[in-house]
Amino acid sequence: MISFYPGPSKIYPEVASYLQDAIKEGILSVNHRSPEFVEISKSAIYNLKEKLNIPENYTVFYTSSATECWEIIAQSLIKRGSYHIFNGAFGEKWYKNTSKLIPYSQSYWFDKEETIDINQIKVSKDTEVICLTQNETSNGTQVLEGTIKELEDKFPEQLIAIDATSCMGGVATDFTVADIWLASVQKCFGMPAGLGLLICSPKAINRALMFNENHYYNSLVFMYENMKSWQTSYTPNVLNIYLLNRIFSEVKPIQTINATLKERAKGWYAFIEGLDGISPLVDNLATRSDTVIAVKGEPELISHIKSSAKKKGLLLGNGYGQWASDAFRIANFPAISDDEIDALKEFLKAF
Ligand SMILES: *Cc1c(COP(=O)(O)O)cnc(C)c1O
């Protein structure tokens, strides 16, 4: 089965041999306070920073998931209020999760066909963090880097937090335009689930130290203390950290991956526009995602395509949330090969 699901998604084929190496090298029993672990952890973060162009002075933390990153931000970086800008299910979930934990959250909903108009964003003086989903996995839209930069420039008092779960590892981004970046690895990283990444600017770290919130095992100040020696406040997913290190020592630099994905995305949208009965879910070229291609059609046809594809060994992603039955999604992640894309195109052409 070739998976085009946008998460959990196809893993890099190399993971098979890395897993065997991990067993041979005894990684699965390594103690998370040992020098062996520290070496792997340090190297994983070094490789990640190098390949994704993460600034030297940003701190990378391991978590269990993107959802846990949302929780850490709410617990350790917000005392009064947050402001959430979203157009789909994941951004909304982040807003809902956060509003349960803090006294005051505002939300700003925009349409999937709309680019965010910064002039419409009016944050209250209680807002400490502005939250934005860079790539909305549920509807296949993305926010341009320029928009994130505009936010950062307009709101210097606030921290800007970006959920990049379904584009980090595929889309080249200037990390300096925001203070907090989060992702989990079962999407664009081509890895098995069970590891999240939280990446913080010095401004975000200073805020955490100033708040000094220390009620939880994953309070950011504890995480920061531990990360000074490349460790975690709990026993982490050592195997996935090992895989992160191996994968990021081998992958191409992000600019190269980004260029390939952009080309492939263009190809996908043009191809789908040429088919009968289905079309891209998003019309606006400026908001279409490069990494998650959402396709809409009559529910009956969509369901028929999905089930026939599955019989041919091609797994399509279901529509999500409000598009559960009249859309499917195709991951355009780096672990997917040109041959696999061609196989899916052949299938769709013949349908
Ligand atoms: C999948 C996804 C999440 C949730 O990721 P978990 O690792 O399951 O917590 C959050 N945000 C976005 C944008 C996602 O695509």
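Residue indices begin at 1 and follow the sequence shown. Whatever order the structure lists them in is the order used to number ligands and atoms, beginning at 1.
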- Could you tell me whether Tyr320 and Phe90 have their ring centroids closer than 6.0 angstrom?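 Yes, close enough.
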What part of [X], side chain from CB on, backbone N/CA/C/O, both or neither, has a heavy atom under 4.0 Å from ligand 1?
| X | result |
| --- | --- |
| Thr67 | both |
| Ala66 | both |
| Gln186 | side chain |

- Query: Is a side-chain donor-acceptor pair under 3.5 Å present for Trp70 with Asp163?
  - Reply: yes
- Between Gln158 and Thr127, does any side-chain donor sit less than 3.5 Å from a side-chain acceptor?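 No, because no side-chain N or O of Gln158 sits under 3.5 Å from a partner of the opposite role on Thr127.
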- Relative to Phe347, does Lys312 satisfy both conditions: NZ or CZ under 6.0 angstrom from the six-membered ring centre, and within 45 degrees of the ring's axis?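 Cation-pi check for Lys312 and Phe347: fails.
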- Item | Lys NZ or Arg CZ of Lys79 over Phe211 ring: under 6.0 Å, within 45° |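 Cation-pi check for Lys79 and Phe211: passes.
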- Task: Could you list which atoms of ligand 1 come closer than 4.0 Å to a heavy atom of Ser184?
- Result: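 Every atom of ligand 1 under 4.0 Å from some heavy atom of Ser184: 5 (O), 6 (P), 7 (O).
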Purely on distance, is any nitrogen or oxygen of [X] under 3.5 Å from one on ligand 1?
| X | answer |
| --- | --- |
| Trp70 | no |
| Glu68 | no |
| Phe90 | no |
| Asn135 | no |

- Message: My understanding is that we take every heavy atom of each candidate and find the minimum distance to atom 3 (C) of ligand 1. Doing that for Glu71, Lys187, Lys93, Gln134, which one comes out nearest?
- Response: Lys187
- Any salt bridge between Glu14 and Arg246, counting N to O under 4.0 Å?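 Salt bridge absent between Glu14 and Arg246.
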- Message: In the structure I gave you, are the side-chain heavy atoms of Asp179 and Cys200 within less than 4.5 Å of one another anywhere?
- Response: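 No, every pair of side-chain atoms sits at 4.5 Å or beyond.
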- Note the single closest protein heavy atom to atom 15 (O) of ligand 1, along with its residue, its atom name and the distance in Å.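 Heavy-atom neighbour on the protein nearest atom 15 (O) of ligand 1: Thr137 OG1, 2.4 Å.
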- atom 11 (N) of ligand 1 - nearest protein heavy atom and its distance: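 For this ligand atom, the closest protein heavy atom is Asp163 OD2, 2.7 Å.
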- Task: Measure the acute angle between the ring planes of Phe4 and Trp268, then classify it against the limits of 30° and 60° as parallel, tilted or perpendicular.
- Result: perpendicular
